[in-house]
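Here is the structure we will look at.
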Amino acid sequence: SKQSRVTLKAIKKAILPEENSEFAAKFGAANVEDLKNFVTDRLKREEEEYAHEVGRYNLRRELLQKYPFELPQSLVDAEVRGRFAYCKQGADTQKGSLPLDATQEKELKAQIEAESRGFFMWMFMMRQVTPQAEVSITQQELETEFSQQMQLPRQQRLIYAGLAPDEVRNRLVMMIMMRKCEDYLLSRK
């Protein structure tokens, strides 16, 4: 084993700001107590959302394993072509945002194909649930979903350049619908 010598040059200590009303005001709170309550509520909400997302994931996995079915390969191929082209279009080798060598391109295509299959299979399965779940979707939900899609890494987006505007809207509707159907199914467990 190789030995290394480390020379300690300094020990730094963080100087934290004082918890007072001025500190709270920087975060838009009236006082420290309100700020603490806001942070506590936010952490609880994020924890609940995470637990709910895990429940949705487990539901998808369980039902897709229990009721597998085939998709038209042409549907999957078209999706892979569109999403892969979109990912390559945004590739930046200097920043390393997306790999471009042949092996990594193959891996990216495989990832996109697996995600596409999962998306379409789940979409078709949830269409059977929609009438019972009485799904309705607002314009605000569509805007929120679009914003969330744009925050995802390119290779994970289901909305990408090359889709017609009506197809973008249809996909946003499908994603919201699927989540609401998942919530409906989870509420009945």
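Cation-pi geometry between Arg154 and Tyr160 is not satisfied (NZ or CZ under 6.0 Å from the ring centre, within 45° of the ring normal).
Two different hydrophobic clusters hold Val129 and Tyr57 under the rule that ILVMFWY side chains link at heavy-atom gaps under 4.5 Å. Hydrophobic clustering (ILVMFWY, side-chain heavy atoms < 4.5 Å, transitive): Phe69 and Phe119 are in one cluster. Leu152 is not connected to Met175 by any chain of hydrophobic side-chain contacts under 4.5 Å among Ile, Leu, Val, Met, Phe, Trp and Tyr, and they are in different clusters. Val54 and Leu64 end up in different hydrophobic clusters when Ile, Leu, Val, Met, Phe, Trp and Tyr side chains are linked at under 4.5 Å. There is no path of hydrophobic side-chain contacts, each under 4.5 Å, that joins Val32 to Leu43.
Here the side chains of Asp166 and Arg169 are not in contact, with every heavy-atom distance at 4.5 Å or above. The shortest distance between side-chain heavy atoms of Trp122 and Glu182 falls below 4.5 Å. Side-chain contact between Phe124 and Leu71: present, with at least one pair of heavy atoms (C-beta onward) separated by less than 4.5 Å. With a 4.5 Å cut-off on side-chain heavy atoms, Ser147 and Glu143 do not count as touching.
A side chain to side chain contact (heavy atoms under 4.5 Å, CB included) with Ile159 is found for one member of Gln148, Glu145, Gln149 and no other, namely Gln149.
More than 12 heavy atoms of other residues, nucleotides or ligands lie within 6.0 Å of CZ in Arg61, so this atom counts as buried by the packing criterion. No more than 12 heavy atoms of other residues, nucleotides or ligands sit less than 6.0 Å from atom CD of Glu47. Other residues, nucleotides and ligands place no more than 12 heavy atoms under 6.0 Å from the CZ atom of Phe146. For Tyr50, the OH atom is loosely surrounded, since the number of other residues' heavy atoms within 6.0 Å does not exceed 12. Few gaps surround CD on Glu46; more than 12 heavy atoms of other groups in view lie less than 6.0 Å from it.
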(Q) Determine whether Leu35 and Phe23 satisfy the following criterion, side chain to side chain contact (heavy atoms under 4.5 Å, CB included), listing intermediate values before the conclusion. (A) CA-CA 9 Å; Leu35 179 60; Phe23 173 76; 3.6 Å; yes
Q: Go through the steps to decide whether Thr144 and Glu141 satisfy the test side chain to side chain contact (heavy atoms under 4.5 Å, CB included), and finish with yes or no.
A: CA-CA 5 Å; Thr144 301; Glu141 287 173 319; 5.7 Å; no
Q: Starting from the C-alpha separation in whole Å, work towards a yes-or-no answer on salt bridge (Lys or Arg N to Asp or Glu O under 4.0 Å) for Glu167 and Arg171.
A: CA-CA 6 Å; Glu167 180 63 18; Arg171 284 186 180 217; 3.0 Å; yes
Q. Under the side chain to side chain contact (heavy atoms under 4.5 Å, CB included) criterion, do Phe84 and Glu105 qualify, and how do the steps go?
A. CA-CA 9 Å; Phe84 185 73; Glu105 278 191 10; 3.9 Å; yes
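Closest approach of Tyr86 and Ala161 over heavy atoms only: CD1-N, 3.4 Å.
The structure places CG of Leu185 at 14.5 Å from NZ of Lys180, a figure rounded to the nearest 0.5 Å. The distance from atom SG of Cys181 to atom CZ of Arg127, rounded to the nearest 0.5 Å, is 11.0 Å. Here Thr130 contributes atom OG1 and Met178 contributes atom CE; the two are 10.0 Å apart, rounded to the nearest 0.5 Å. In this structure, CD1 in Ile112 is found 9.0 Å from NZ in Lys109, a value given to the nearest 0.5 Å. For the atom pair Glu48 CD and Glu53 CD, the distance stands at 14.0 Å (nearest 0.5 Å). Rounding to the nearest 0.5 Å gives a distance of 6.5 Å between CG of Leu142 and CD1 of Ile137.
The closest donor-acceptor contact from the side chain of Arg117 to the backbone of Val76 lies at 3.5 Å or more, if one exists at all. Using modelled atom types, no side-chain atom of Arg83 and backbone atom of Leu158 make a donor-acceptor pair closer than 3.5 Å.
For the residue pair Glu115 and Gln111, a side-chain donor N or O sits within less than 3.5 Å of a side-chain acceptor on the partner. With hydrogens and angles left out, the side-chain atoms of Glu107 and Thr103 include no donor and acceptor closer than 3.5 Å.
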